Structure formats: structure tokens, C-alpha cells
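For the single chain, residues carry numbers from 1 onward in sequence order. This structure is a prediction, so every number in the text was calculated from the model and none was measured.
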Amino acid sequence: MNKSMIRYLLSKLLLIEACLLLVPVVIAVIYQEPAKVFLSLGLTIGILLILGGVGIFFKPKDAHIYAKEGVLIVALCWILWSFFGALPFVFSGQIPNIIDAFFEVSSGFTTTGATILNDVGVLSHSLLFWRSFTHLIGGMGVLVFALAIMDNAKNGHLEVMKAEVPGPVFGKVVSKLKDTAQILYIIYLALFAIFTLLYFLAGMPLFDSFIIGMGTAGTGGFTVYNDGIAHYNSPLITYLVSFGVLTFGVNFNLYYFFLIRKFKAFFADEELKGYLTIVGVSTLLITFNILHIFHGNIADSLEMSFFQVSNTITTTGFGFGNTVDWPLFSQFIILLLMCIGGSAGSTAGGFKVIRCMILARIAKNQILSTLSPNRVLTLHVNGNVLDKDTQHKVLKYMVVYMMIIAALIFIVSFDNNNFMTIVSGVLSCFNNIGPMIGTTESFSIFSPLSKFLLSLAMIAGRLEIYPMLLLFLPKTWSRR
């Protein structure tokens, strides 16, 4: 266990967060906010600079990072960034409870979009911006961002990136890890800039365009107003947001292939086809199922269903009306989409489309092997044979995934809310989605214990479980 390297890298990451907090300071200057806001941001930046500065004072002799260190750095970084990122809300008094503030910022960095705020109007422009800025930072990954800007000529941080990037298989787009991180972030920020501009041209105020753009890029869901996207009362903006989040729910490696003109690799990708098929079928089913709610107006029904489907499968959670009065059939589809999630290697959360496809093919092969025991069956994804080890990893992940969801539902159920609210609340946090089904309330209805557990669940879901589980195992911290 190379603890000195863990300490050194975490200290660097705290200094990076201190630099990022300068952005809301600029926003506070622009909007001439009260001194208390400047003090809250300055105090947080000061704490981060002191802790980070002390941590990097002694450079470690051994700079190697192995799988164990990579996992711990990832888990600890997300927890620390969420905790320190919450301090401005506490110091300013805008979210005075530390557990509530930790929940809010964990939701931001993990791009969940769940909130304890019943009225976002209590936040100043600077902290409203910081709240959504965490979506932009966390969307592609806190550590991917750090690797893109840190001095790292070697491929020594591979284990860190593998522990953070979602999906059953990790793949670099180019040979050097730092180049991979930079390419992914350039594509990510370019798409963010495009959609922010489109929102502005569609009629959003500039500040709102940045907030919604950051929520779109990170597939997060924090907005400027309590009624979310419905506030703008514009079908154009609604469809732009729907297409925007779907864009960020695609594996970013595919965009790189598209840019270098490997069009076959882009359009032939089986996960992309499956992802778009699920969106299309779900949208049509819900459109006709809720048509009576819109008095036969198919345009309004399609707008609402496409928005909810795209926001749910990409685990974004922008608000637009509510689904409380929807038929159970449509609510059940939304619940399924919560679990499926977006593509591996995207900013979306959830179980991932590729894992669902692999599980379906494993089940198919199992049935065929029962009918023909001597038949040799292989599993193919994008024309490549998927080895047994990866198949077993997907099955094991599903078991752990279901066990954690069951445990969270059991614990959170002590809050005595209705069943749909508890289940959708847990699925919403663990799959990094945001809103709940069965209620229009915020997560303030839960107890402090539940909110703390759901905060950790958001981080665990974003990191695909294992880094957070290993963090609490004594064996992880052993010298061996």
C-alpha cells in the first residue's frame, strides 16, 4: 500500500478543487453578491489550499500506483470533493445543514440531480452556478479531468482511470492515457459549448443557458427554477434538452471514432443501436399510454414522453411536469429505464445498456445449451468474442448491484414513506437519476441517516460500486 502516493495525489486534487471554486467567486463579483457569500467561498478555498499545500510538501519516493491505490484514490477523492464542495453552502447559511449540503453536492458531482431544496430560489447566483458546475466537472469524471491537466508523462495513472470510467470494459482511444483524457474532455467541452449556444439562441437567458448546458453535459438535471424546463414554456427548448441529454448518453469513444472518420465503428456499434431502440420503443409506448391525459393531443403527449424517456435513460432528471398521475404501465417503463441507464463510457449512470445486452445474450446461450448440451456457444459484442471472464464480471456486478439496492430499500424504508417513493428514491440515487416517482417532493422528506446513506449511494453508483465497497474493507488498507 503506497499511502504516501495516495496522500500526495489527493492533496493535488484538493488544490484543483480550490482553483475550480474561483469560478463561482467570479460569478459572485458579476452579480455583486453579499460579503457573506464571498466569505463562504474564500474560507473554503483557504481550507483547501492549506490542506492541499501541506499534503504536497513531501513528495513520495515511490510514485507507483497499483490497482488498490487507484481504487482508494478514486473513492476518497469523490467523498472529499463532495464534502469540501458543500462547505460554501454551509458557511453562507443557504444550506445550513452539513448532511443536506453534502447530499446536494454529492448529487452534483455524481450528476444525479437529486435535491433536498424545495425552493432553489434560496441560492445566490454564485452557489447556483457552483451547484451546476459540479455536474460539468463530474460528468466526464473528476479523475479524468485531473488526469487531463496534471503533469503525467507516464501511463502510471491507468488504474485510477479504470476505477472511475463506467462500463464493464475500459478502453483507451489512444496509447497515452493523458492524451486519452484530454481527447475525451475536448469532445465533452465542445459538445457542452454547442448545446449552451443552442439554448441561448432558442431563447434562454445566458446564465440559464450555462446552467442547463452544464446539466445536459453531465446528464445531471439541476435547473434554475423550481418547475425546471417547463418554466421556459417552449417545445423547442424541451426537444433541444431531450436531444442534448441523449447525445451525452452515448459512449464518448464513439465520437472520437466519428471524428477520425471511422464511421463504420460508430454506426455499427451494437450498444448505440440498442440504446436508440430502447428510447424509440419506450417513447412510443408511453406516448399512446398517456394520450388521454393530454386529451388526445399527440404532439403534447409525444413531447412529454420523449422528454421523460430521454431524461430517465440518460439518468439526467430535468424537471418537466410530473409523472404522479401517469398510468402504472408508463411508470413501470420509467422505473425500468432508471435501472438500464445510458451507454458505457458516457456521462449517464445506471446499469448500462451494454451490460443489459450481455446479460440477455448470456441467458439466451444458457437456454440454447440446455437444449443442445454439446453445442459450443460464444457470445459476440460488436463482432468480437466476449471472454468468459468478462461475462462472469457482468453477472457478479449484477448480483452486487441487486444486493445493495435491496439493502438500501430496507434501511430507507424506516422513514415510513410509500413503497413507490422509497424504491424510486433508492433507484434514483444509486443510478444517478434525480427525481422520484410517486411524489413531487424533494429528498428533504428523508431522515438525516437516509440522506447520508443515499449520498454515499450516489457516489457508489457513479463509481460502479467496487471503489466504495473496497474503501470500507480493512483488507484494502493492509500493507500486503
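Considering only heavy atoms from C-beta on, L123 comes within 4.5 Å of F89 through its side chain. Contact of the I290 side chain with the M304 side chain is registered, since non-hydrogen atoms from C-beta on lie closer than 4.5 Å. Contact check for I286 versus F306: no side-chain heavy atoms found under the 4.5 Å cut-off. Counting heavy atoms from C-beta on, the side chains of S107 and F222 come closer than 4.5 Å. Side-chain contact check for Y256 versus L184: every heavy-atom pair is 4.5 Å or farther apart. Contact of the S346 side chain with the Y275 side chain is not registered, since no non-hydrogen atoms from C-beta on lie closer than 4.5 Å. Counting heavy atoms from C-beta on, the side chains of F243 and L198 never come closer than 4.5 Å. At a threshold of 4.5 Å between non-hydrogen side-chain atoms, the residues V120 and T223 do not count as touching.
The backbone N or O of V23 lies less than 3.5 Å from no partner atom in the side chain of W130, so there is not a single donor-acceptor pair. Judged purely by atom type and a 3.5 angstrom limit, N382 has no side-chain atom pairing as donor or acceptor with the backbone of N384. When atom types are taken as modelled, the side chain of S413 and the backbone of F410 share a donor-acceptor pair closer than 3.5 angstrom. H135 contributes a side-chain N or O that, together with a main-chain N or O of G108, makes up a donor-acceptor pair within less than 3.5 Å. In this structure, Q308 contributes its side chain and I334 its backbone to no donor-acceptor pair below 3.5 Å. Looking only at distances, a side-chain donor or acceptor of T238 sits under 3.5 Å from a matching main-chain atom of S234. Proximity of a side-chain donor or acceptor of N311 to a complementary backbone N or O of F307 within less than 3.5 Å is detected. The closest donor-acceptor contact from the side chain of T112 to the backbone of A114 lies at 3.5 Å or more, if one exists at all.
Side-chain contact, T111 with N432: no donor N or O sits under 3.5 Å from an acceptor N or O. For the residue pair N431 / T315, no side-chain donor-acceptor distance below 3.5 Å is found, with atom types taken as modelled. A side-chain donor-acceptor contact under 3.5 Å links S305 and T287. For T219 and T347, the side-chain atoms include at least one donor-acceptor pair closer than 3.5 Å. With hydrogens and angles left out, the side-chain atoms of D269 and N251 include no donor and acceptor closer than 3.5 Å. Side-chain contact annotation: Y225 with D208, donor-acceptor N/O pair under 3.5 Å present. Side chains of Y199 and T216: a donor-acceptor N/O pair is present below 3.5 angstrom, by distance only.
Nearest heavy atoms, G274 versus V353: C-CG1, 4.3 Å. Across N289 and S330, no two heavy atoms sit closer than the pair OD1-OG, 2.6 Å. Across L136 and A217, no two heavy atoms sit closer than the pair CD1-CB, 3.9 Å. When all heavy atoms are compared, the tightest approach of A75 to L463 is CA-CD1, 3.9 Å. Scanning all heavy atoms of the two residues, the minimum distance from I73 to L10 falls at O-CD2, 3.8 Å. When every heavy atom of I211 is checked against every heavy atom of S132, the shortest pair comes out as CG2-OG, 3.3 Å.
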Could you go through the salt bridge (charged side-chain N to carboxylate O under 4.0 Å, His left out) check for K352 and E464 one step at a time? CA-CA 10 Å; K352 301 295 182 296; E464 305 218 317; 3.4 Å; yes
Walk me through it: do I293 and S301 pass the test side-chain contact (heavy atoms from CB on, under 4.5 Å)? CA-CA 8 Å; I293 297 175; S301 181; over 6 Å; no
Does the side-chain contact (heavy atoms from CB on, under 4.5 Å) test come out yes or no for L41 and L127, once each step is laid out? CA-CA 9 Å; L41 290 166; L127 293 187; 4.0 Å; yes
Can you check ring pair (Phe, Tyr, Trp, His ring centres under 6.0 Å) on F83 and F102, steps first, answer last? CA-CA 6 Å; F83 174 77; F102 180 67; 7.0 Å; no
Would Y255 and F258 count as a ring pair (Phe, Tyr, Trp, His ring centres under 6.0 Å) here? Give the steps. CA-CA 5 Å; Y255 292 132; F258 191 85; 7.9 Å; no
Would you check, one step at a time, whether the test side-chain contact (heavy atoms from CB on, under 4.5 Å) holds for W78 with V74? CA-CA 6 Å; W78 281 77; V74 167; 4.1 Å; yes
Would you please test L117 and I95 for side-chain contact (heavy atoms from CB on, under 4.5 Å) and show each step? CA-CA 9 Å; L117 294 172; I95 305 180; 4.1 Å; yes
Give the C-alpha distance, both sets of side-chain angles, the deciding distance and a yes or no for salt bridge (charged side-chain N to carboxylate O under 4.0 Å, His left out) between K451 and E104. CA-CA 10 Å; K451 282 184 279 192; E104 199 75 12; over 6 Å; no
Is there a salt bridge (charged side-chain N to carboxylate O under 4.0 Å, His left out) between E270 and R361 once you walk through the steps? CA-CA 13 Å; E270 292 183 22; R361 291 175 187 184; 2.6 Å; yes
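Y401 has its ring centre less than 6.0 Å from the ring centre of F351. Aromatic rings of Y188 and Y185 (six-membered ring for Trp) have centroids within the 6.0 Å cut-off, being under it.
I459 CD1 to S106 OG: the interatomic distance, rounded to the nearest 0.5 Å, is 4.0 Å. One distance of note links CD1 of I409 with OG of S424; it measures 9.5 Å at 0.5 Å rounding. A distance of 6.5 Å separates CD1 of I465 from CG of L469, quoted to the nearest 0.5 Å. The line from CZ of F210 to CG of L197 is 9.5 Å long, rounded to the nearest 0.5 Å. Summarising the geometry, atom CZ belonging to F446 is positioned 11.5 Å from atom CG belonging to L453; distances are rounded to the nearest 0.5 Å. Atom CD1 in I358 sits 12.5 Å away from atom CE in M398 (nearest 0.5 Å).
More than 12 non-hydrogen atoms from other residues, nucleotides or ligands lie less than 6.0 angstrom from CZ of F266. More than 12 heavy atoms of other residues, nucleotides or ligands shown are found within 6.0 angstrom of OH on Y397.
Using a cut-off of 4.0 Å between Lys/Arg side-chain N and Asp/Glu carboxylate O, K12 and E17 are scored as not salt-bridged.
Geometric assessment of R462 against the ring of F109 yields a negative cation-pi assignment under the 6.0 Å and 45° thresholds.
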